[in-house]
Amino acid sequence: MCGIVGYLGPSKAAPVLLSELRCLEYRGYDSAGVAVIESGELVVLKAAGKLSNLETLLTDKKPTATVGIGHTRWATHGIPNDENAHPHTDCTGTIAVVHNGIIENYQALCAELTAAGHTLVSQTDTEVVSHLIEDEYKKCVLECNGDALLVAIERAVKRLEGAYALGIVSQKHPERIYAVNHNYSLSVGLGDGESFLASDSVAVRQFTNKLIRLEQSEIAEVTVNGARLFDFNGTFIDRQAIEVDMNPYIISKDGYRHFLLKEIHEQPISMRQTMGKYINHPDKPIDLRPTENGGGHFGNYGVNLTETQLKSIERINIVACGTANYAGMAGKYILEEICGIPVDVEIASEVRGRKPLLNDKTLCIAVSQSGETADTLAAFTEAQAAGAMSMGITNRADSHLSRITDNLMVTECGIEVSVAATKSFTAQVACFYVLALYIAETRKLLPPAEIFRLKQQLLLVPALQERILSQEKIIQQQSIKYAEAHDMLFMGRGINYPVALEGALKLKEISYIHASGYAAGELKHGPIAVLDAKVPVVTIVVPGKVYEKTLSNAQEAKARNAQMIAVATEGDDRAKGIFDTIFTIPQVDELFSPLVTVLPLQLMSYFIADYLGKDVDQPRNLAKSVTVE
Ligand code: AGP
């Protein structure tokens, strides 16, 4: 979704801002803009559409300014056009603001400002901010002994309701950029005589590894010499920059046609890294506690739940959206199977407005690749407010999620650029196995030999994934036969039901083919009505408790002439008798099968979407992290 960047230093700001904005493209956006201070004058350039449109404007105007802020906007209030693109200025045209998040009381503020004589030109909720600062600045210049602009910003932001991050420049102070964070994410990067700003630290990591993260309700005054931090009352906050590991955040396709394909192929490594962090050896107890250096992460990291707390968990409540929600559904099967603790999985956006039935014996787990998904964060904070213990599973230790819980498992996937989640899904599911085994160890729920066996099985999974990835060419040929389909059904039972949902989501996200996932047993209760010879049905069927029943459900589809596709185990002769196409997977314990069965489905979606010429990495209408409810 929206992205904020900034630069201040000896170089020309425009190319740096553009380069930062390029790093944020993956988040999804529909317009972009910059504000620079050119020879003492504020200049705003912005354009709807891709960054290339903004780049054309910048090439035309060739600003030489060395200070500026930039933004990629994903429209929420007002259509994606030039006018609504950020930055937004005040009536004097001297203050510019870029904004992520939502100003919930913008309509009241807009009415107040308009009545006071301000002219607001956009339909956004953002524009009120520049006008509020304008008003406060006028007053502060007369009243304040201190720094008028800083105090004006403090006063203005106190009037805002909602969660937001802001970047602000004023032509009166071309030597500074201001950054404001309130329940959002914003980082300052410190270089040698230059400073950077970004809402996603990925944009800054290309220039420096020294980062300062703004915490809740903080303002940073950024100059070429560093950043001074204040709370909203102007109290100085002493915080040093942290040196971070830049490697996992290098954005590169590494020779792959698309990020998506690269990320599908990265799964064995991200799984190994994620599990390896917590499981040293199957013989040794799992360790989820924080490591001294924060695991090289920029942000919180580690699980601080005490043994007493772990033993007191009576129920687990998982909140997440989209793919992360399906990882959570797999987590339910895993935790219930290994720990025998009842687990509910909630679509995070469905939690709002409901009676919270949680207490201090409930562990609420938020699962979010980005750690920034507004629906997930809202559900999670409601659970915390109801007294539940809380824990996050995220790929971003520097995210908002990491700020609001002391218990964080981090998936070691590196940056996931493609909008469609792949490697984060398997790494999240891997975290659930690790967590379940950790709880089982702590609560002595299984004999040590069984825990040892399960750990061993889990650690073998990346090698099985590699075998599937090595069959990529066969999967490609098998997949594109179905590229002309208009509808596709995915079904699985038990622990592979979430995989069916994920398979369907992947296909529709990147190929735009309508697809639905079902619990295989549900087919006969309705969805079977849509089946005919034109509808491919993908069945996930692995040996185990639900094998026979799943095959029966597949027979029901076959009897309706559906095109039959399966993800099935090598050498499964019964599957061969039912399905037209089989994506074969190696033998795997049913309990661990989601980590394997999902791979052919990811590849199938990728190959179909690529065959159809779709924008696989940045599908239409989608954003990588959805930061509005
Ligand atoms: C996955 O392919 C989607 N892009 C989407 O469903 C995503 O999983 C969802 O928006 C949640 O994102 P998060 O993991 O960053 O919270």
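Hydrogens, waters and symmetry mates play no part in the numbers below; they use all other heavy atoms, side chains included. Read the numbers this way: they start at 1 and go in the same order the structure lists the ligands and their atoms.
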Note to self: Let's go through S390 and F380 carefully: what are the C-alpha distance in whole Å and the side-chain angles of both, what is the deciding distance for side-chain contact (heavy atoms from CB on, under 4.5 Å) to 0.1 Å, and is it a yes or a no?
What the structure shows: CA-CA 8 Å; S390 71; F380 192 57; 3.3 Å; yes

Next item on the list: Using the test ring pair (Phe, Tyr, Trp, His ring centres under 6.0 Å), find all partners of F196 that sit at least two apart in sequence or belong to another chain.
Entry: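 Testing F196 for ring pair (Phe, Tyr, Trp, His ring centres under 6.0 Å), a comparison that skips the adjacent residues, returns Y7, F207.
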
Check: According to the interplanar angle, ranging from 0 to 90°, do the rings of Y433 and F592 count as parallel (below 30°), tilted (30 to 60°) or perpendicular (above 60°)?
Finding: tilted

Check: Pick one: which of E466, Q465, Q602 meets side-chain hydrogen bond (donor to acceptor under 3.5 Å, both in side chains) with Q267?
Finding: Q602

Check: Within the distance-only criterion (no hydrogens, no angle test), does the side chain of K614 pair as donor or acceptor with the backbone N or O of I510 below 3.5 angstrom?
Finding: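 No, the answer is negative, given that no donor and acceptor are paired below the 3.5 Å cut-off.
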
Item checked: Pair H182-E218, side-chain donor/acceptor within less than 3.5 Å -> no

Margin query: Heavy-atom contacts with ligand 1 below 4.0 Å: which residues, ordered by chain and residue number?
Written below: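 The answer is C321, G322, T323, A324, S368, Q369, S370, T373, V419, A420, A421, L505, K506, E509, counting any residue whose heavy atom sits under 4.0 Å from ligand 1.
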
